[in-house]
Amino acid sequence: MPGMGKTMLAKEVKRKAEQDKLFDAVVMALVSRNADSNKIQVEIARGLGLDQLPNGIRTQDAAELIKARLKNMKKVLIILDDIWVPGINLEELGIPVTNEPKTKEGGSSREEFAECKILLTSRDSDVLSDLMDCPLNFSLHQLKSEEAWELLKKIVGDRAESKELHSTAIEIVQECGGLPLAITTIAIALKNKKPFEWRDALTKLRKPSSENFDGIPAKVYSAIEVSYSSLEREKLKKTFLLCCLMGHKALIQDLLKYGVGLGLFANTIEEARDEVLTLIRQLRASSLLIDDSDNKRFDMHDLIHDVAVSITSRDRHGLLLTGDHEPREWSDMEAKKDFKWIWLQKANINELPDEFESPQLTLFSLVNDDRSLKIPADFFKGMQRLKVLDLTRIHMSSLPSSICLLQNLHTLCLHHSVLGDIRIIGELKNLEILSLPWAVVEELPREIGQLTRLKLLDLSNCTKLRMIPPRVFASMSRLEELFLGNSFDGWKVEENENQRNAGLAELKHLKKLTNLEVCIPDIRMIPKDLFFENLKIFKIFIGRKWEGQYSSSGSSRILKLHLNASINFNYLVKMLLKVTEELHLRKLAGVKNVVDELNTEGFPDLENLYVRNASEVQHIIKSAEGVSFNAFPSLEVLFLQNLINLEKIFQGRFKDTAFNNLRIITIECCDKVKNLFSSSIARQLLHLQEISVTDCSNMEEIVDDKEQGSSNDIVAATEPKFGEVLRSLRLQRLPKLSSLHKSCRHLPLFNEQHDAFIHYVGFISRLEMVDYHPLEKLGDDMAQQGACRFLFQTGIINS
C-alpha cells in the first residue's frame with residue numbers, strides 16, 4: 001500500500017549504511033510508475049561516483065559503463081525504490097545479478113563484479129515476490145492506533161493533548177487510517193493552526209475529493225489536499241505546483257529558470273535563487289517536498305506528486321501528458337485555447353499541428369525522445385503571450401521561424417538538444433534566460449549578442465562548442481550568471497589578433513556578474529587587469545581539461561589550478577585563491593610551499609583542499625621559526641596524492657584555531673613523508689573523523705612525538721582529546737609503519753585514566769589494514785600497551 005513509509009525506511013537504510021561505511025558505495029534510484037531506464041542509470045552512475053553519463057547515451061552503453069565501474073569495487077548496495085511493474089531488468093541497467101561474490105585470483109571463471117546487495121521497494125508485494133523473484137520480503141503494515149497517535153504528538157507536541165484540540169486530533173488520526181504519510185502531512189500542516197482550522201481539516205478528511213487517482217487511498221488524498229490548502233502564501237502554492245510539473249529529482253536551477261521567466265521570483269538572479277531556496281525549505285518543512293541526497297535537486301513522494309497533478313489539472317487551465325497517456329488527448333484542439341501551461345513529458349506524440357492557437361499560454365514544455373518529431377515552422381504563431389519555452393532533447397537543423405514572434409519570451413531552454421542554426425534566437429529581445437546545457441551546438445552565433453536584457457546564459461557541458469565570435473559577451477551588460485563549465489575553452493589570446501573567437505578580456509564588461517563557471521586551458525590567457533567586483537559564486541578551472549568537472553561537496557566557490565610551468569599569478573587568480581572554498585591543485589611547477597607561495601593569509605575560507613601530482617611540493621604549510629601562524633581555520637577535507645618530494649604536511653608552530661575543523665585526511669603515494677602530524681598539531685584536530693594512508697613507503701608513524709616532553713604538553717584528563725571522534729582508520733601498504741605513535745603510553749593526548757592506545761582505538765568504528773606487512777610488529781607494540789584485544793573486537797573493527 002502507498003503511504004506506508006517505504007521510501008523513508010529505504011533512505012534510512014542508505015544513511016545508516018553510509019554512516020557505518022558498510023559498502024564502497026550506496027546507491028539509491030527512484031523507479032516509480034513511469035520507469036525510465038535512462039534516468040535510473042543516471043542516478044546509479046551518480047551514486048557510483050561516475051561523471052554524468054554522456055548526452056543521448058543508449059541504455060546498453062550506459063549499462064557497460066556501470067558494469068565497468070562495479071568491477072573496481074568490492075561491495076555495493078543498490079536500492080531501487082517504488083517499483084510498480086515487473087519490467088525492470090537489472091542486467092539491462094548494468095547491475096549484475098548473481099549469487100557469486102567477486103572472487104580473488106583463481107576463483108570463479110565468470111566476470112568479476114562488486115558484490116552487489118540489492119534492496120527493492122514496491123507497493124505490491126506480488127511484484128517483488130513473484131515477478132522480481134526476491135528471496136526475502138518484508139511487509140509494512142498500517143500503524144496501530146497508539147502508534148499513530150504518538151506520531152501525531154511527536155509532530156504537534158503537547159498541544160495535541162490540550163482540551164481544545166484533543167478530541168479533534170484523535171478523530172483526525174482515526175481518519176488517516178494508520179498511514180504514516182497521511183498523518184505526517186496533515187500534522188505538519190495543522191501544527192500551528194487554530195482549533196477551527198483543525199475542525200475544518202477533519203471535515204475535509206471525512207469528505208474525500210472526487211478527483212482521487214487510482215491507487216491513492218482517499219485518506220491520503222484528502223490529507224495532502226488539506227496540507228496544500230494550508231500553505232499561507234499564493235506564491236508558495238504556485239511554486240509547489242511548478243515543482244509537481246517538473247517531477248522527481250528535478251534541478252533547483254531549472255525551477256529558478258522557469259520561475260524567473262514566469263515572473264514568479266525576484267528581479268535579480270541572486271535574489272531569485274535565495275527566494276527559491278527559501279520556498280523549497282518551506283515546502284520541505286510542510287512535507288510536500290522531501291530532501292534529496294543531491295543538494296542541487298528536490299524531490300517529492302509519488303503520492304504527493306499524483307495529488308498535485310490532480311490539483312493542477314482540475315481547473316482545466318493546463319495539460320500534463322506523460323508516456324502513460326494516450327496520444328488522442330493531444331488531438332483535442334479546442335480544449336487548449338484557454339490553457340495557461342502545457343507540459344509534455346516524453347508523451348506519445350507522433351506529430352504536432354502546423355499551427356497551434358493558445359493565446360493564454362505562458363509556459364510550454366516539450367521533453368522528447370523521438371528524433372523524428374518535427375516542429376512545424378508556424379507552430380508558435382498562436383502563443384504570443386508565451387513567457388517560458390522549454391524544448392528538451394529535440395533535433396533540429398534550424399529553429400522554427402515562428403519563434404521570432406515570441407516577443408514576451410523571458411526563458412528559453414534547449415537542454416540536451418542537437419541544434420544547427422540558432423541565429424533566430426537573437427530576435428528575442430526580451431529574453432532574460434538562455435539555457436543550453438548538454439546541447440550539441442558548434443557555434444554561438446554573433447546574433448546572440450543582441451540579447452541585451454539577458455541575465456543568465458547557460459552553455460555548460462556543450463562539449464562541441466568551438467566558436468564564440470568576438471564582442472558577443474561585451475554587449476551583455478546585464479548578465480549576472482554565465483555557465484561555461486566543461487564547454488567552450490577556445491579563448492582568444494590577446495597577442496593573436498587573427499583568432500576568430502572571443503577573448504577573456506570581454507568579460508570585463510560584465511559588471512553585474514555574480515556567478516561564473518569557466519574553463520581556461522592556459523593561465524596566460526587571463527588578462528592582467530581582469531577582475532570581477534561582484535563575483536560571489538564560481539567554478540573556475542585553469543589548465544588542461546579537468547576530468548570530473550563537478551564536485552559533490554556543495555561548495556559554492558571552487559578553483560582548479562593546473563600549472564605545468566612556473567608563473568607569477570595575476571590579480572584575478574590571487575583574489576580567487578583568497579576566497580575559494582574548494583581548491584584543486586596539480587603540477588604546481590615551481591611551488592615548494594603551498595601556503596607560503598599561493599596564499600600567505602593561510603586560506604581562511606578554504607574547506608576542501610586536493611593536491612595531486614605536484615612533484616616539487618615539499619610542504620603544504622611551513623611557518624617561519626618562532627612565529628605562530630593561523631592556517632586553514634575552515635579546512636575540513638585534505639587530500640594529498642603522488643607528491644613525491646613532500647617531506648612534511650604541517651611544519652612549525654600554529655595558532656589554536658589552525659586545522660581545528662579538519663574532519664578527513666587522505667594521503668596516497670607520498671614516499672618521503674614519515675608521519676602525518678606532530679603531537680602539538682594532533683591536539684588541535686579535535687574533529688578528525690577519518691584517516692587514510694596508502695602506499696607511502698617511508699611512513700613510520702601517524703603522530704610524530706619529537707615535540708614530546710615539554711611541560712606545556714600536559715593536557716587535563718577532562719579536556720577533549722585527539723581521536724575521540726575518529727571513526728575510520730585505513731592503513732594500506734605501509735612497509736615501514738611500526739606504530740601509531742612511538743611514545744604512545746606517555747603521550748598526554750588521551751584520557752590518562754586509560755591506556756593511551758586502548759582509548760584511541762576504542763573510538764574507531766572502522767579499522768582497516770590492507771597488505772600491511774609489519775602487522776606482527778605493530779601487534780607486539782600494542783600487546784606491550786595491553787591493547788591487543790581491541791584489534792578483533794566486534795563493532796570496533798569492520799574490514
For H584 and E582, which I'm curious about, is there any donor-acceptor pair between the side chains at under 3.5 Å?
yes
Salt-bridge contact E480-K512 (side-chain N to carboxylate O under 4.0 Å):
no
Point-to-point distance, once rounded to the nearest 0.5 Å, from OG of S435 to CG of D254
6.5 Å
Hydrogens and angles aside, do N645 and K672 bring a side-chain donor and acceptor to less than 3.5 Å of each other?
yes
Is the closest side-chain heavy-atom distance between W491 and L484 below 4.5 Å?
yes
Does atom NZ of K587 have more than 12 heavy-atom neighbours, drawn from other residues, nucleotides or ligands, at distances under 6.0 Å?
no
Could you please spell out the steps behind the side chain to side chain contact (heavy atoms under 4.5 Å, CB included) verdict for V260 and L456?
CA-CA 10 Å; V260 169; L456 186 153; over 6 Å; no
Over all heavy atoms of both residues, which pair between T463 and N486 is shortest? Give the atoms and the distance, please.
CG2-O, 3.7 Å
Could you tell me if the side chain of Q253 sits less than 4.5 Å from the side chain of R273, heavy atoms only?
yes
Output for pair (L434 CG, K257 NZ), nearest 0.5 Å, gives 9.5 Å
With distance as the sole test, does Q684 use its side chain to make a donor-acceptor pair with the main-chain N or O of A658 at under 3.5 Å?
yes
So which heavy atom on L504 is nearest to which on L530, and how close?
O-CD1, 3.8 Å
With distance as the sole test, does N515 use its side chain to make a donor-acceptor pair with the main-chain N or O of F483 at under 3.5 Å?
no
Which heavy-atom pair separates C696 from C669 by the least distance, and what is that distance?
SG-N, 4.0 Å
Show your reasoning for whether side chain to side chain contact (heavy atoms under 4.5 Å, CB included) applies to V673 and M699.
CA-CA 6 Å; V673 177; M699 182 67 67; 3.7 Å; yes
Quick check against the 3.5 Å criterion: does N675 have a side-chain atom that pairs as donor or acceptor with the backbone of V703?
no
CG/N661 to CZ/F632 distance, rounded to the nearest 0.5 angstrom?
13.0 Å
Between the main-chain N or O of Q641 and the side-chain N or O of E668, is there a donor-acceptor pair closer than 3.5 Å?
no
Any heavy-atom pair between the side chains of F532 and M575 that's under 4.5 Å?
no
I would like to know whether E506 and I468 meet side chain to side chain contact (heavy atoms under 4.5 Å, CB included); could you show each step before the answer?
CA-CA 11 Å; E506 289 189 31; I468 298 180; over 6 Å; no
Give the minimum heavy-atom separation between S555 and I558, together with the two atoms involved.
O-CD1, 3.8 Å
Quick check: does any side chain N or O of D24 sit under 3.5 Å from a backbone N or O of K74, one acting as donor and the other as acceptor?
yes
Closest non-hydrogen atom pair between D704 and K648, with its separation
OD2-NZ, 3.4 Å
Between S697 and D671: side-chain donor-acceptor atoms closer than 3.5 Å:
yes
F654 side chain near I621 side chain, heavy-atom distance below 4.5 Å
yes
Check: L686 and N660 side chains under 4.5 Å, non-hydrogen atoms
no
Point-to-point distance, once rounded to the nearest 0.5 Å, from CD of E607 to CD of E636:
5.5 Å
Does a donor on one side chain and an acceptor on the other come within less than 3.5 Å for N570 and K528?
no
For L457 versus L479, what's the shortest heavy-atom pair and its separation?
N-CD1, 3.8 Å
Tell me, do L638 and I667 make a side-chain contact under 4.5 Å, heavy atoms counted?
no
Got a donor-acceptor contact below 3.5 angstrom from the R557 side chain to the E581 backbone?
no
Against V573, only a single residue in I540, L598, I526 fulfils side chain to side chain contact (heavy atoms under 4.5 Å, CB included); can you say which?
I526
Rounded distance (nearest 0.5 Å) linking atom CG of L535 with atom CG of L513
6.0 Å
In plain terms, say whether K508 and D529 are close enough for a salt bridge, that is, a side-chain N and a carboxylate O under 4.0 Å apart.
yes
Side chains of F488 and L459: closer than 4.5 Å at any heavy-atom pair?
no
Going through the distances and angles, do T666 and V637 end up as a side chain to side chain contact (heavy atoms under 4.5 Å, CB included)?
CA-CA 8 Å; T666 302; V637 176; over 6 Å; no
Less than 4.5 Å apart, side chain to side chain, heavy atoms only: is that true for I649 and F677?
no
Got a sec: does the NZ of K592 have more than 12 other heavy atoms crowding it under 6.0 Å?
no
Quick one: does E275's side chain have a donor or acceptor within less than 3.5 Å of a partner on E271's backbone?
no
How long is the span from the OG1 atom in T514 to the NZ atom in K455, to the nearest 0.5 Å?
11.5 Å
D596 backbone acceptor or donor facing K622 side chain under 3.5 Å:
no
